[in-house]
2 protein chains.
Amino acid sequence: MTTINDIAKMANVSRTTVSRVLNNNGYVSESARKRVMQVVEETGYIPSVSAKSLRTKRSGVIGVILPKISTETASRVVGGINEVVSKEGFQILLTDTELHHEKEIEYIRLLQSRHVDGIILLATNVNDPLLHAIEEAKLPFISLGQELPGVTSIVYDDYHAAVDMTTMILQKGHKKIAYIGVGEEDPAVGVLRKKGFMDTMKKAGITVEENWCSYGDFSIESGYESMKQIINSNRENSPTAVFVVTDRMAIGAMEYLKEQGFRIPEDMAITGIGAAVMSKYITPSLTTIDYFNKDAGSKAAELLLEQLQGKNTRKKITQNYRLIKRDSV
Amino acid sequence: MTTINDIAKMANVSRTTVSRVLNNNGYVSESARKRVMQVVEETGYIPSVSAKSLRTKRSGVIGVILPKISTETASRVVGGINEVVSKEGFQILLTDTELHHEKEIEYIRLLQSRHVDGIILLATNVNDPLLHAIEEAKLPFISLGQELPGVTSIVYDDYHAAVDMTTMILQKGHKKIAYIGVGEEDPAVGVLRKKGFMDTMKKAGITVEENWCSYGDFSIESGYESMKQIINSNRENSPTAVFVVTDRMAIGAMEYLKEQGFRIPEDMAITGIGAAVMSKYITPSLTTIDYFNKDAGSKAAELLLEQLQGKNTRKKITQNYRLIKRDSV
DNA sequence: CTGAAAGCGCTTACAG
DNA sequence: CTGAAAGCGCTTACAG
């Protein structure tokens with residue numbers, strides 16, 4: 001392999017000079033620069049990032065921790081992150097917890113060992129060991145999707161999104177509204193969205209029956225099962241609408257309703273959250289909320305880059321959202 | 001930062017010994033090992049991968065070059081890759097060409113500079129500079145999706161998939177079958193799938209009218225436009241079915257057909273390729289072909305790992321596929 | 001404008 | 001079973 005020493009010899013300069021022209025810093029005479037550049041061209045020399053990184057303590061790599069790699073949300077967010085960091089010459093090191101919370105901590109340490117310059121975590125929960133690990137890492141750090149105390153966080157406005165959606169359903173005249181959610185380990189999706197829904201119902205003077213609530217695990221199938229359960233346990237007093245906390249689960253729920261011969265929205269209105277592409281093309285098209293995931297990713301990357309430049313602007317940013325009214329309500 | 005030297009001092013051994021216990025090679029007395037491990041625990045010591053990689057010339061990182069990061073196919077493939085490499089302690093460095101072919105070469109060199117141990121390229125085209133760059137890199141290399149001469153390639157069976165699908169449409173009694181494809185820069189999707197379709201039609205003694213063919217760019221919108229064009233230029237002699245080379249474009253096409261009041265499949269049958277999740281939930285559900293993208297990713301990773309172990313098994317592997325019959329035909 | 005030298009944190013023959 | 005020493009390929013004060 002060609003190294004900086006080879007280049008130096010061939011260009012008849014010291015490796016200090018080669019380093020200077022490559023990094024474009026310090027004084028170098030035009031003639032020296034030219035000779036070096038030419039040799040670099042000829043040899044196709046590629047500097048070793050490991051050596052550079054060992055020396056400078058910077059790697060040009062951003063670590064990203066995902067709950068699940070092959071997910072629409074994740075890929076949008078990563079797309080957004082990549083768009084901004086790649087412009088600055090950074091690469092992304094991807095890491096996938098496959099929804100195992102312990103792995104978040106493991107990966108933080110692993111990314112640390114790889115000298116990443118910063119980490120973006122798509123958070124799905126918050127717990128003390130995690131916060132501790134983040135603190136220990138002493139690295140620029142962004143949390144996306146959950147508010148982590150003491151960490152710059154970008155959050156979706158889950159509460160108000162749920163409020164708006166519920167209000168909209170109520171305005172359509174529905175009073176008997178079922179709820180399909182996820183577990184409360186997830187403060188954003190499991191707690192905040194539910195609270196938005198419940199608060200709004202309460203304000204409207206409506207009590208949500210216990211057996212109008214069901215819980216899934218983000219999968220389409222679990223939406224199907226949740227819907228089934230709600231329908232089956234309410235033969236007498238069926239709801240006329242259902243608020244679902246994600247598009248995928250809503251799509252599963254629709255699947256069940258269609259199978260059972262329900263007309264949507266006449267017999268049962270339904271809504272999702274997330275603006276999956278599918279939501280637009282399914283029949284009927286699904287009323288949902290766009291969280292602008294890609295923008296959130298870009299925003300996260302920008303904040304991280306800011307931190308890298310020493311602007312320690314620890315803060316919480318709430319993304320805005322957009323309610324997309326379609327045919328399912 | 002804690003380094004191996006700190007650990008050595010604290011454990012009262014040389015750093016050679018520390019290295020030995022950390023990497024679990026060479027003889028170390030039980031007592032020395034214990035002391036080292038304890039200090040490592042206490043300090044939370046994390047070895048520097050840059051230093052290690054500089055020394056060993058291995059980084060434990062696999063570079064992946066994607067045509068587009070936020071795509072269902074890409075994320076499935078990456079999921080598959082990750083599943084196998086992470087088990088072996090490798091990380092993935094992601095890179096996104098955003099469909100700019102030149103960037104493939106740029107990224108190969110970049111990954112090289114980062115001392116990745118191997119590269120997996122989701123190929124969308126084949127050209128000489130690319131082949132040259134791969135050769136130059138002198139790195140374990142896998143091409144996925146296109147056959148690259150001289151490079152271990154995993155390809156989908158585009159030709160036979162298209163043949164099977166076309167045969168199936170013909171068996172349903174259709175004779176006037178339109179075609180929506182992509183450009184021929186893409187040998188797999190643009191050329192092979194078309195050839196499978198055309199050959200089968202020819203064998204059935206049917207000529208495909210020139211204006212029954214239209215071309216898009218993989219996007220849903222382009223499918224919509226292509227369908228529109230075919231319908232508009234064939235008011236007199238309309239096809240009764242349309243073969244589309246990707247699910248997304250097929251979904252766009254369906255959108256247009258529905259808007260225009262066509263009943264699917266009665267007035268127009270339609271098929272896709274790719275088994276996007278959406279294909280299952282759209283109405284009517286789309287007949288398509290599952291390429292098992294995730295398996296392809298895992299397979300690619302396995303082959304790469306084999307190459308890393310020196311088994312230089314340069315070969316071409318053709319993935320199998322499965323025709324999924326649903327309601328759109 | 002230029003270069004010699006130190007040092008980043010590891011691993012690995014080599015010698016004992 | 002253990003350690004001293006060399007060296008991986010860079011960058012960066014420092015001196016000129």
Side-chain angles (χ1 to χ4, degrees), chain A residues 1-37 39-40 43-61 89 109-117 138-139, chain B residues 1-37 39-40 43-61 89 109-117 138-139:
Chain A
M1 227 186 67
T2 336
T3 76
I4 197 172
N5 286 308
D6 303 327
I7 304 296
K9 242 172 258 163
M10 294 174 71
N12 239 306
V13 293
S14 73
R15 64 172 181 270
T16 308
T17 301
V18 176
S19 173
R20 283 203 261 260
V21 352
L22 257 25
N23 295 295
N24 228 314
N25 69 15
Y27 298 100
V28 181
S29 68
E30 200 42 46
S31 75
R33 158 165 281 117
K34 262 193 186 145
R35 264 177 298 151
V36 170
M37 287 313 283
V39 177
V40 167
T43 54
Y45 165 66
I46 300 176
S48 154
V49 175
S50 315
K52 182 167 185 165
S53 150
L54 173 59
R55 192 46 231 254
T56 61
K57 305 295 175 211
R58 312 183 80 244
S59 62
V61 173
R109 309 195 75 222
L110 184 137
L111 291 171
Q112 213 182 332
S113 78
R114 293 202 172 277
H115 291 300
V116 298
D117 294 333
K138 296 188 176 38
L139 233 42
Chain B
M1 227 185 66
T2 336
T3 74
I4 197 173
N5 286 306
D6 302 328
I7 304 297
K9 241 172 260 164
M10 295 174 71
N12 238 307
V13 294
S14 73
R15 64 174 182 270
T16 307
T17 301
V18 177
S19 172
R20 284 203 261 259
V21 353
L22 258 25
N23 295 296
N24 228 314
N25 69 16
Y27 298 100
V28 181
S29 68
E30 201 42 48
S31 75
R33 158 166 280 118
K34 262 195 187 142
R35 265 178 297 150
V36 170
M37 286 314 283
V39 177
V40 167
T43 55
Y45 165 66
I46 301 177
S48 155
V49 175
S50 315
K52 181 167 185 165
S53 149
L54 174 60
R55 192 46 232 252
T56 60
K57 305 294 175 211
R58 311 183 81 245
S59 62
V61 173
R109 309 195 76 222
L110 184 139
L111 290 170
Q112 212 182 334
S113 78
R114 293 202 172 277
H115 291 301
V116 298
D117 294 333
K138 296 187 174 40
L139 232 42

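Lettering of chains follows the sequences in order, A, B, ..., and the numbering in each one begins at 1. Values below: all heavy atoms of this structure, side chains included; hydrogens, waters and symmetry mates excluded.
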TODO: Would you indicate, yes or no, if C/dT2 has its OP1 or OP2 atom less than 4.0 angstrom from a side-chain nitrogen or oxygen of A/Ser29?
DONE: yes

Task: Under 4.0 angstrom between A/Ser19 side-chain N/O and D/dT12 OP1 or OP2 - done: no

Task: Whole angstrom value for the distance that separates P of C/dA4 from NZ of A/Lys9 - done: 12 Å

Open item on the list: So, OP1 or OP2 of C/dG3: does either fall under 4.0 Å of a side-chain N or O from A/Thr17?
Closed with: yes

Open item on the list: Applying a 4.0 Å non-hydrogen cut-off, can you work out what A/Val13 is touching in the nucleic acid: base, sugar-phosphate, or nothing?
Closed with: sugar-phosphate

Open item on the list: For C/dG9 and A/Lys57 - does any side-chain N or O of the residue sit under 4.0 Å from the phosphate oxygens OP1/OP2?
Closed with: yes

Open item on the list: What is the separation between atom CG on B/Leu54 and atom P on C/dC8, rounded to the nearest whole Å?
Closed with: 13 Å

Open item on the list: Among A/Thr16, A/Val18, A/Thr17, which residue satisfies the side-chain contact (heavy atoms from CB on, under 4.5 Å) criterion with A/Ile4?
Closed with: A/Val18

Open item on the list: In this structure, how many angstroms lie between the P atom of D/dG9 and the CD1 atom of A/Ile4, rounded?
Closed with: 11 Å

TODO: Send over the distance from A/Arg35 CZ to C/dG3 C1', rounded to a whole Å.
DONE: 13 Å

- [ ] Indicate, yes or no, whether a donor-acceptor pair under 3.5 Å links the base of C/dG9 to the side chain of A/Arg55.
- [x] no

TODO: Rounded off to whole Å, could you give me the CZ-to-C1' distance for the A/Arg58 and D/dT12 pair?
DONE: 15 Å

TODO: Give the nucleotide from the list D/dT12, D/dC10, D/dA5 with an atom nearest to the side chain of A/Thr56.
DONE: D/dT12

TODO: Nearest whole angstrom, please: distance from the C1' of D/dC10 to the CG of A/Leu22.
DONE: 10 Å

Task: Whole-Å gap separating P (D/dT2) and NZ (B/Lys34) - done: 14 Å

Open item on the list: On the nucleotide C/dG9, are OP1 or OP2 found under 4.0 Å from the side-chain N or O atoms that B/Asn5 carries?
Closed with: no

